[in-house]
Amino acid sequence: MPHGVVVVDGERCKGCGLCIAACPQKVLAFSGALNKSGYDVVHVEMPDACVGCAFCALTCPDIALSVYREKTRT
Amino acid sequence: MGERYLLRGNEVIAEAAIRAGCQCYFAYPITPQGELVEHMARHMPRLGRTFIQAESEVAAISMVYGAAAAGVRTMTSSSSPGISLKQEGISYIAGSNLPAVIVNVVRGGPGLGNIAPSQCDYFQAVKGGGHGDYHMIVLGPSTVPEAGELTMLAFELADRYRTPVMILADGLLGQMMEPVELPESLELSKLPQKPWAATGAKGRDPNIILSFDLSPENLKRMNLELQAKYAEIRKNEVRWEEMDTADADIVVVAYGSIARIAKTVIRMARAEGIRLGLFRPITLWPYPYEPLRDLADRVHTILTVEMSAGQMWEDVRLAVAERAASPFYGEMGGVVPTPNGILSEVKKYAR
Amino acid sequence: MPVDTARMTKVFSRPQSLTEAHFTYCPGCHHGLITRIIGQTIDELGIAERTIGIAPVGCAVFAYLWYRCDALQVAHGRASAVATGLKRARPDRIVFSYQGDGDFASIGTAESIHAANRGENITVIFVNNQIYGMTGGEMAPTTLVSQRTTTTPEGRDPATTGYPIRFSELLAQLDAPVYITRQALYDTRRIMDCTKAIKKAFQNQVDGKGYSLVEILSTCPTNWHMSPLQANEHVATTVTKVFPLGDLVNKGA
Amino acid sequence: MERSVVIAGFGGQGVILAGKILAQAGMSHGLEVTWLPSYGPEMRGGTANCTVILSDQPIGSPIVDEPSAVIALNLPSLDKFEPTVAKKGILLVNRSLIARDVKRKDIVSHAIPINDIAAQVGNLRTVNMVALGAYVKATGVVPLDAVKRAMAAAMRDGGKEKLVEINEKALDAGYAAIP
C-alpha cells in the first residue's frame, strides 16, 4: 500500500466532520482543540493508516486539507 | 451642408447610437418607441453587433449591465411602463459605476396609461426611480436632430463619468419625422479605454464590478464617492437654451417637445406685443437652477408648461423661489398643449 | 508531529485560480465544495485569465471573493441575463453564472428560461438546496412537499404552495441547450461525477457549443437543522427521489 | 412662409404615406419640414391622420391648432377637422365618400370624387396620391415633380417599384382635378 500524509489547515477547518466520514482508513478524527473561530478542528489520528487517497480533501467544503503521497511504494 | 434624411425621432436615436459605437443593444418592444427597436434589429446584426429582443425589460437592463461591465458601449430603450421595470437595473448600474444609455420615449400614465405623448416620468428620471442615493444624467431633446446629437453626447458622458445616462423623450418626438444630418460614425478602436472593465484578468489583478458592501462604513464611502462624482457632473454638465429672454417680461420654462411648441408661441405672442421668452433645460439632471434663478431676477413671470401635473415645476420653483411669479400650465394623459392653448395661458400673465 | 512532505507528491492542493480568502459558508455547506470544483476546472482548462464569474444574491453573494478572476455581483435573479450581455459583448471570454434555487428558479425564472432558450454559450451552475439559506430558511421553489421551512412552518403544502419545481427538466424541453445535468455531492463518487459534469459544462463553452447547466443538489445543514452528515444522507435518500440524478440533455456526448 | 396640412381618413387609405411623401418632397425642395402621425391603435383600422408642416424657416411646433389646409378623405375626418382649418385656408373633400357640403364659408373648399378618380386611374389604392396631387395643385406648396420623385423613392424603398407608374398617373389625375 502507498503511504500518504494529510495536512490540516486548522484555521480553515470548520469541524463539519465530512472528511472523517469520507476516509476509508479512519485516519482523521476531531481533535477537541478549537481554532480561532471556535470550531473543533479535525486532526490526523492514525497517520500510519493513510494511503493518500485524498477522499477527505475531495469532500472538504473549505479546502482545509492537503494530501501528499510517497513517490515510491514502500 | 451634409445630406439630409427625413427620419423619425426613434430612428434617429437608434442610428445615432450605432454611430456612437453602441455594440450591444437589448430591449423589449413597447409603443411608442417600436421603430427604435426595429431599426436596431435591422442594422446591428449586419454590423456584427448585438441585438437581443429580451424576454422582459428587467432582462434587457440586466443584459445592459453585463455588456457595460464588459466595457462596451451599450443601450436599452423603452417607454414608461417598461422603464418602471428597468429601475432595478438602473440602480445597480449607477451603484456599480457602469456606463450605459437608457432611452425613455415617455407615454401617458400611470399604470398602462396610453401611448400618447407625455412628460409624466420626469420625477422618475431626475429624482431617482430606483432605490438608493443615485442620480443619472438626464437629457431632454427637443427636436429630431437634437435627439441624435444628445444620443451621441449620452454615450460620451456615460463613459466619462461611468454613469447611466437617460434620453428622456416623449411619444411626439419619437414618432415625428424631421430632416436630419446624421453624425459621423465613431471608430470603435478610438472609443475610451476601460481598464476597469471585466474582460478577463490577464496580466493584472481581477476587476470586480459590484454595487454592494455589507459594511455600513464602506458603503458610506462608496456613496460619498458617488456624490463627489455627482458634484463634478453638476459643475461641468449643466446645459440649457434661452430664446428671446434678453428683453422678456414673461418666460416659459419647458423642455422636450413642449419647448419647441413654445417657440411657436413666442412668435405668436411677440406679434401681439407680448415680450415672451423661453428657457429650455437640456439637462434635466443636473438641472440648470442657477441660470434660471438669474433669469427670474429679470422677469416678472416664469410660466412652467409641461405634459404632466407639474413635475418639473418643482425644480423651477426651487430655482425661482420668490424672485418672480411662478405659475404652471400642464396637460396630462397624452393631451398635448397646443400653441393657442399655451398662448392663452401666457396672456393671463401679460401686463 | 511534523511531517516532511518535501520528498512526497502533492496529490491534493488548493486550486491556483482560487484566492486565499476563507469561505463564509456554514460548516458542511456544499457551496465551498462547488467553488473548489469550479476553481479546479478553471485550472485544468487554463482559462483563469479569460473567465468572468457572476455572483448572485443569496449565500453565494460573495462568490467574487473566491476566484482570481474578473467578476460581477448582480441583481437577484438576473445572473443569466447579465451573463448574456457579458458574453455577447465578449464572445471569446468564458462566462459562468453561479445561482441558487431562489435566484435561478424563482425570481429569475424568466431570465433563466430565456437564456437557455437562446442557447447562450454560457455555463450556469445552479445550486439547489431546497431552501433560502441567506435570509433565514424560507421556502424555495424547490422545497420538498411537507418540508418545514420558516415560511412553511407546518411543512410545504402543495395545495397552497405548489410542488417543488424540477427546473432542469423544464429547461430540458427546450431545443437549444446542449448540456443539462443534475448532480450531487453527498459522497466521493458523486463528487467525482459532479467534477466531471462541471468540467464538461465549461469545456462546452470553450468549444463554442452553447448553453450548459449543472444543477447541483446541495445541502443546507444550518437551515435543515441537520448535521452535515445527516444532510448528505438526506440528499442521498430523500432529495434524489424528487430530483433524480443524471443527464437530462447531453448533445454530442 | 409656413404651410401646414392635416391629411385625414381611415386606416388603409394611405394618409400616413401621403404625408411622408409630401414631407420628403418638401425637404428635397429645400424646405424645413415636420411630419407628425397619429399612431397606435388608431392606425389599425380606425381613423388615421398626419400633420405635415413645410416652411422656409425653422419650424417650432409640429402640431397646429389651425392648419392652412386639410384633406378629408372620409366623413369623420371632415367632421373633426373642418372647424380647425385656418381662415382662408384650403379644405379638400373626398366627394366619393362624403355626401354633405362644407359648412365653412371663410375657407376655400374643393370637393373632388377622389375614389372615382382613383378607380379611373386603375387602382383604388391610389386614393392617397390623387388627393396629394390635388393638394399640390390647390396650394402650390411644392412642385408636382418633387412629389413624384419622393413617391418613386418611397415605392422603391418599399419594394413596390412596379407601382410607381400608376401612382404617377394618380398624382397627375388629382392635379388635373383642381381647376
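Note that the structure is a prediction, hence the values are computed from the model and not measured. Lettering follows sequence order; numbering is per chain, from 1.
Within a 6.0 Å sphere centred on CZ of B/Arg19, other residues, nucleotides and ligands contribute more than 12 heavy atoms.
Between B/Met63 and C/Val82, the closest side-chain pair of non-hydrogen atoms is not below 4.5 Å. For the pair B/Ile208/C/Gln73, no side-chain contact is recorded, criterion being any heavy-atom separation below 4.5 Å from C-beta on.
B/Lys202 has no carboxylate O lying under 4.0 Å from a charged side-chain N of C/Asp70, or vice versa, which leaves the two without a salt bridge. Ion pairing between a basic and an acidic side chain is recognised when a charged N comes within 4.0 Å of a carboxylate O; B/Arg204 and C/Glu49 show no such pairing.
With a threshold of 4.5 angstrom between heavy atoms, B/Gln23 does not approach chain C through any atom at all. Proximity to chain B involves both the backbone and the side chain of C/Leu72, based on heavy atoms less than 4.5 angstrom apart. Heavy-atom distances place no part of C/Val95 under 4.5 Å from chain B, backbone and side chain included.
The CD1 atom of C/Ile52 sits 9.5 Å away from atom CG of B/Asn207, with the distance rounded to the nearest 0.5 Å. Taking CZ of C/Arg78 as the reference point, atom OG of B/Ser56 lies at 7.0 Å (rounded to 0.5 Å). C/Tyr64 OH to B/Ile209 CD1: the interatomic distance, rounded to the nearest 0.5 Å, is 12.0 Å. The line from CG of C/Leu86 to OH of B/Tyr65 is 10.5 Å long, rounded to the nearest 0.5 Å.
A donor-acceptor pair under 3.5 Å is absent between the side-chain atoms of C/Arg88 and the main chain of B/Thr50, judged by distance alone. Counting only distance, with no hydrogens or angles, the side chain of C/Arg50 and the backbone of B/Gly200 share no donor-acceptor pair below 3.5 Å.
Of all heavy-atom pairs between C/Ala81 and B/Ser62, the closest is CB-CB, 3.6 Å. Smallest separation of non-hydrogen atoms from C/Cys69 and B/Pro206: O-CB, 3.1 Å.
The most heavy-atom pairs under 4.5 Å with chain B, out of C/Ala71, C/Ala48, C/Ala89, come from C/Ala71. Of the listed residues (B/Leu214, B/Thr199, B/Leu210), the one with the most heavy-atom contacts under 4.5 Å to chain C is B/Thr199.
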